[in-house]
Amino acid sequence: MGNGAGTNAGAAVVMEGIRASVGALDALFLEEARLDVGPAGSSPAADFGPAVPAAPDPVVDVLQRKIDNRLERLAVVARLEAQLAAAKARDAAEILELQHAMIPPNASLQDRSFQEMSIIEEIAGVLTVSSPAAGALITQARQLRSLPLALDALSAGTISWQHAKILADETHSLGPAGAAAMAAHFLDADAPHPARGAAPGDLVPSRFRAKVRAWRERHHPESLEKRHAKAAADRRMEYSPDRDGMAWLSLYLRGDTASAIWNRTTALARGLQGPNESRTLTQLRPDTAAALLLSTSDTRSTRDTAHEDAAHANAAPAEGDAARLGKVPAPKADVLVTVPVFSLLGLTDEPAMLDGYGPIPASTARKLIADGATSFHRVLVDPRDGAPLEIGRTSYRLTKAMKQALRLRDGKCTFPGCNNRTSDNEADHLQAWHHGGTTGISNLAQLCPKHHRLKHNSRWKPTPGTKTQPPGWTSPTGRHYKPEHHDWEPPQWPGNPAQLQAVRGGPPCCPPEIAYIGQSPAEDAIDKFLHARP
């Protein structure tokens, strides 16, 4: 209990922030009361309604100020929620520490376990949550206590509890140094290589998790190859009955296989859409997957097949069928694989990036290409800084290369918080062609159909993009949302650059049709990069 001074100081900082947020919230409510008086003593609330003609400017101004006031209150409430979550996390962790301090040093392991169990149940009762929920809160709180940057950001309200939990969860098995480095990368602007673009608290949690997980996969002390091999052994299929006559069926698979299944199912489902199809895309996906799983590949009648299936439901499949069912085909989904050139050549084991999924082992990327998955578009990255190599663009209409370059830069719909992946998105001119806009990548962005329509039917405006960074967005109320940048990192170089000379004839992992990697143009590029290397 020697850290009481530090504990009190931390609590004082938390309370100071809470009081400041409560004061700001109180001021906004007072401002709202003043706005309720309205111009010339009238009540603007009565002016809402479809039958009211064009309102006078003062009334419109008051209504806009009331909207802005509520948006500000939402922002303050969100900050206050984060600060309260920090206070709760600190108390939960410190309660357990205080309980441990009360246990006699010579207490048995059984006594210690019961003491801890008792205090967890006490916390569960106070918070009116289950025991597992209380235990999870304490675990996350203790993880955050070991990440001062994360706990301080939560106390200041610059990240939410969801963001803090993501940092706590993703530091699993990183070790103290790795966990501290992860927190510094995302929360410390003075770190050697801080995250770029939008601040963590400005990213929706799912997008923040994707960025944190990508960093974790690259910097984990154990290689992704080894961790992937262990996890692949746990692949399984799970079935869980649900209410209303429904059930959940889930597959835990290799990332590239799962991504390919999702993309193929989506493509088939989208092909079924039409004026005579009443099902939505969300409904068509499971129907399509069920049809693929339950259909037979021969021409026997459904009736005969049903009888055979019933008779042999528990029988082992024939030898040919077993071989066919046991071999997972190479995925044929139209996705991008961004792979460092040295990793593709087999000189390093640096992870590749699978579009729509995230980091995958280098061996998986090499296998996708070697197996002839021709609709996987391989994208090499610059060995100097990790940025994708340039793809040319000159025409008015987007060429296939331009579309691929746009997919590579944006990764998803660029609208703030949208997770819609590139296979569903549309390329849009940020500045319209008829208003002087060009068809260069800096004037293009990926937008999902929903946000594409919103852009053209509202005052949401994109800010300019660049060759390597997607656009940001400005809302109708003037709030700016920064773009979500890729955290490109310099690829790993082979321990001995002379190894490059051994692969001039093309890497053994690649089939003849792509054996030019390591020959003409890449050979010259590698030579240039070698000479430019500091």
Side-chain angles (χ1 to χ4, degrees), residues 7-35 64-94 127 129 137 140-141 143-170 182-191 194-212 415-418 460 472-484:
T7 297
N8 293 335
V13 171
V14 171
M15 287 308 302
E16 182 180 352
I18 290 174
R19 280 192 291 267
S21 296
V22 171
L25 194 61
D26 185 54
L28 289 169
F29 274 106
L30 290 175
E31 175 66 16
E32 178 74 14
R34 287 192 291 269
L35 291 173
Q64 184 60 55
R65 287 168 63 191
K66 289 171 76 70
I67 291 175
D68 291 342
N69 182 283
R70 281 163 171 76
L71 289 171
E72 288 296 329
R73 278 169 22 197
L74 285 177
V76 175
V77 167
R79 183 169 71 243
L80 184 58
E81 287 176 337
Q83 292 167 330
L84 292 172
K88 184 165 71 171
R90 286 180 183 273
D91 284 347
E94 289 169 8
L127 298 178
V129 298
L137 170 63
Q140 291 161 346
Q143 288 173 319
L144 285 175
R145 285 286 298 273
S146 66
L147 298 172
L149 285 173
L151 191 54
D152 289 347
L154 184 64
S155 301
T158 57
I159 63 173
S160 71
W161 174 243
Q162 291 294 326
H163 293 80
K165 286 200 302 181
I166 289 168
L167 283 171
D169 293 343
E170 295 296 335
M182 173 188 284
H185 175 73
F186 289 101
L187 299 175
D188 185 1
D190 296 326
R196 295 172 292 173
D202 294 334
L203 296 171
V204 295
S206 59
R207 295 305 312 153
F208 181 57
R209 184 180 289 277
K211 293 176 76 71
V212 171
F415 197 83
C418 184
W460 278 93
W473 287 82
T474 301
S475 74
T477 60
R479 289 170 171 78
H480 180 64
Y481 297 86
K482 294 182 179 180
E484 181 181 332

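We use all heavy atoms of the structure for the numbers below, so side chains are in, but hydrogens, waters and symmetry mates are not.
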Straight-line distance of Thr477 OG1 to Ile67 CD1, nearest 0.5 Å: 9.0 Å
Euclidean distance, Gln143 CD relative to Asp169 CG, rounded to 0.5 Å: 6.5 Å
Closest approach of Trp460 to Tyr481 (non-hydrogen atoms, all atoms of both residues): CH2-CE1, 3.8 Å
Over all atoms of both residues, closest heavy-atom pair of Leu149 and Ala184: CD1-CA, 3.7 Å
Residue that, paired with Glu72, satisfies side-chain contact (heavy atoms from CB on, under 4.5 Å) out of Leu28, Val77, Leu25: Leu28
Any side-chain heavy-atom pair of Glu32 and Arg70 under 4.5 Å: yes
From CG (Asp91) to CG (Leu127), nearest 0.5 Å: 10.0 Å
Where Arg90 and Arg145 come nearest, the two heavy atoms and their spacing: O-NH1, 4.1 Å
Trp161 and Leu84, any side-chain heavy atoms less than 4.5 Å apart: no
Atom pair CZ (Phe186) and NE2 (His163), whose distance is rounded to the nearest 0.5 Å: 11.0 Å
CD-CD1 distance between Gln140 and Ile166, expressed to the nearest 0.5 angstrom: 11.0 Å
Closest non-hydrogen atom pair between Leu154 and Ala85, with its separation: CD2-C, 4.2 Å
Point-to-point distance, once rounded to the nearest 0.5 Å, from CG of Leu35 to CD of Gln64: 11.5 Å
Closest heavy-atom pair and its distance - Ser21, Gln83: OG-OE1, 2.6 Å
Any side-chain donor near an acceptor of the partner, Asn69 and Arg73, under 3.5 Å: yes
Contact check, side chains of Leu187 and Ile159, non-hydrogen atoms, under 4.5 Å: yes
Flag, side chain of Thr158 to backbone of Ala153, donor-acceptor distance under 3.5 Å: yes
Pairing of Arg19 and Glu16 as salt bridge, 4.0 angstrom limit: no
Student check: side-chain heavy atoms of Asp68 and Arg479 closer than 4.5 Å: yes
Nearest heavy-atom neighbours spanning Ala93 and Ala141: CB-CB, 4.0 Å
